[in-house]
Amino acid sequence: MKILVVNGPNLNLLGRRKVEVYGTITLPEIESRLRKVAEELGVEMNFSQSNSEGALVDRIGEALFDGTDGIVINPAAYTHTSVAVRDALEAVRLPAIEVHISNIHTREEFRNHSVTAPVCVGQVVGLGADGYEWAFRALVRRLECNERESR
Ligand code: DQA
């Protein structure tokens, strides 16, 4: 099983950026935590980050051709604006779980709405960087159940 983890703009600055909201963990630390979880679960993981909307759309589209089974995505600010990222997720028709480190529902009004969530199977918000792990485990569990049911 292969899981793609996609990170949007400014998440490369985690650890330095608004630490009172996002904490001090860096993106490489999140990646290495997830690598351990992937190893434990016996699944392959591709991890990516881009500040550019087009690059995110390209990476999601590639998932259709590289054997990806499911996507964990933190679209960051594009969550609230990007019809292009939403359409890419919808187009590949792979199960995706959206993650937000902060609770977007208790922050500024413009963060309360997610354009991308309706094309995801679920959303993990407000649980800090641990949310990536819960999303990853939930996605693998879901894919395993689907696989068992289709046998
Ligand atoms: C975020 C929340 C977004 O509103 C924000 O633009 C981010 C990070 C989060 O993980 O909490 O960049 O996606």
Side-chain angles (χ1 to χ4, degrees), residues 1-41 43-64 66 68-143:
M1 190 184 296
K2 205 190 235 188
I3 306 295
L4 171 65
V5 182
V6 180
N7 291 280
N10 301 310
L11 293 173
N12 55 320
L13 303 179
L14 284 177
R16 310 293 298 274
R17 171 190 182 204
K18 259 185 137 15
V19 293
E20 68 284 10
V21 174
Y22 300 117
T24 52
I25 193 165
T26 65
L27 198 60
E29 283 165 355
I30 291 175
E31 177 177 358
S32 86
R33 278 194 192 179
L34 283 185
R35 292 228 172 267
K36 288 193 190 112
V37 175
E39 204 180 311
E40 176 202 319
L41 299 177
V43 305
E44 204 182 312
M45 178 183 80
N46 282 318
F47 194 91
S48 71
Q49 187 274 331
S50 179
N51 293 323
S52 136
E53 187 176 18
L56 294 168
V57 169
D58 286 344
R59 186 62 194 93
I60 294 164
E62 262 171 45
L64 203 52
D66 71 1
T68 296
D69 296 295
I71 299 174
V72 170
I73 184 165
N74 183 347
Y78 290 132
T79 306
H80 317 297
T81 61
S82 180
V83 175
V85 171
R86 175 201 166 109
D87 284 355
L89 289 168
E90 196 174 35
V92 296
R93 301 184 77 216
L94 293 169
I97 299 189
E98 182 171 308
V99 184
H100 297 287
I101 296 167
S102 64
N103 186 345
I104 56 171
H105 303 292
T106 59
R107 297 183 63 195
E108 302 97 320
E109 209 182 329
F110 66 86
R111 293 187 205 277
N112 298 167
H113 182 67
S114 170
V115 174
T116 45
V119 294
C120 293
V121 295
Q123 196 188 40
V124 178
V125 302
L127 303 182
D130 287 351
Y132 280 88
E133 177 176 343
W134 312 140
F136 195 94
R137 288 183 185 277
L139 184 62
V140 171
R141 173 87 53 96
R142 190 188 162 94
L143 286 162

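Order of listing sets the numbers, starting from 1, for every ligand and every atom in it. Note that this is a predicted model, so its numbers are computed, not measured. The figures that follow rest on heavy atoms only: side chains count, while hydrogens, waters and symmetry mates do not.
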Trainee: So, applying side-chain contact (heavy atoms from CB on, under 4.5 Å) with Ile73, which one of Val85, Val99, Ile97, Val5 is it?
Mentor: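 Option passing the side-chain contact (heavy atoms from CB on, under 4.5 Å) with Ile73: Val85.
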Trainee: Starting from atom 9 (C) of ligand 1, locate the nearest protein heavy atom and write down its residue, its atom name and how far away it is, to 0.1 Å.
Mentor: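 Protein heavy atom at minimum distance: Ile101 N, 3.4 Å.
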Trainee: Tell me the protein heavy atom at minimum distance from atom 5 (C) of ligand 1, and give that distance in Å.
Mentor: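 Here the nearest protein heavy atom works out to Arg111 NH1, 3.3 Å.
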Trainee: Considering only non-hydrogen protein atoms, determine which one is nearest to atom 11 (O) of ligand 1 and report residue, atom name and distance to 0.1 Å.
Mentor: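 Protein heavy atom with the smallest distance to atom 11 (O) of ligand 1: Ser102 OG, 2.6 Å.
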Trainee: Please check this pair: side chain of Arg111 against backbone of Thr79, looking for a donor-acceptor N/O pair closer than 3.5 Å.
Mentor: no
Trainee: Output yes when Glu29 and Arg33 qualify as a salt bridge under the 4.0 Å nitrogen-oxygen rule, no when they do not.
Mentor: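 Result for this pair is no, no salt bridge flagged.
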Trainee: Which residue and atom name correspond to the protein heavy atom nearest atom 12 (O) of ligand 1, and how close is it?
Mentor: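 In this structure, atom 12 (O) of ligand 1 has Arg17 NH2, 2.9 Å as its nearest protein heavy atom.
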Trainee: Between Arg107 and Ser102, is the side chain to side chain donor-acceptor pair (under 3.5 Å) condition met? List the steps.
Mentor: CA-CA 8 Å; Arg107 297 183 63 195; Ser102 64; 2.9 Å; yes
Trainee: Suppose I only count heavy atoms of Ile104 and a 4.0 Å limit; which atoms of ligand 1 are within that range?
Mentor: 2 (C)
Trainee: Between Glu39 and Lys36, is there a salt bridge with N-O shorter than 4.0 Å?
Mentor: no
Trainee: Got the closest protein heavy atom to atom 1 (C) of ligand 1, with its distance?
Mentor: His100 ND1, 3.7 Å
Trainee: Going through the checks in order, is the salt bridge (Lys or Arg N to Asp or Glu O under 4.0 Å) test met by Arg59 and Asp66?
Mentor: CA-CA 10 Å; Arg59 186 62 194 93; Asp66 71 1; 3.1 Å; yes
Trainee: Would you tell me whether Asn10 and Tyr22 have side-chain atoms, one donor and one acceptor, within less than 3.5 Å of each other?
Mentor: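 Distance-only check fails for Asn10 and Tyr22.
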Trainee: Less than 3.5 Å between some nitrogen or oxygen of Ala77 and one of ligand 1, yes or no?
Mentor: yes
Trainee: Provide, to 0.1 Å, the distance between atom 8 (C) of ligand 1 and the closest protein heavy atom, together with that atom's residue and name.
Mentor: Tyr22 OH, 3.4 Å
Trainee: What residue and heavy atom of the protein are closest to atom 4 (O) of ligand 1, and at what distance?
Mentor: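 Result: His80 NE2, 2.7 Å.
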Trainee: With a 4.0 Å cut-off on heavy atoms, is Asn10 in contact with ligand 1?
Mentor: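 In this structure, Asn10 fails to qualify as a contact of ligand 1 - no heavy atom is under 4.0 Å.
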Trainee: Any donor-acceptor pair under 3.5 Å linking the side-chain atoms of Glu98 with those of Ser114?
Mentor: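 Indeed, the side chains of Ser114 and Glu98 share at least one donor-acceptor pair under 3.5 Å.
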Trainee: Determine whether any heavy atom of Asn74 lies closer than 4.0 Å to an atom of ligand 1.
Mentor: yes
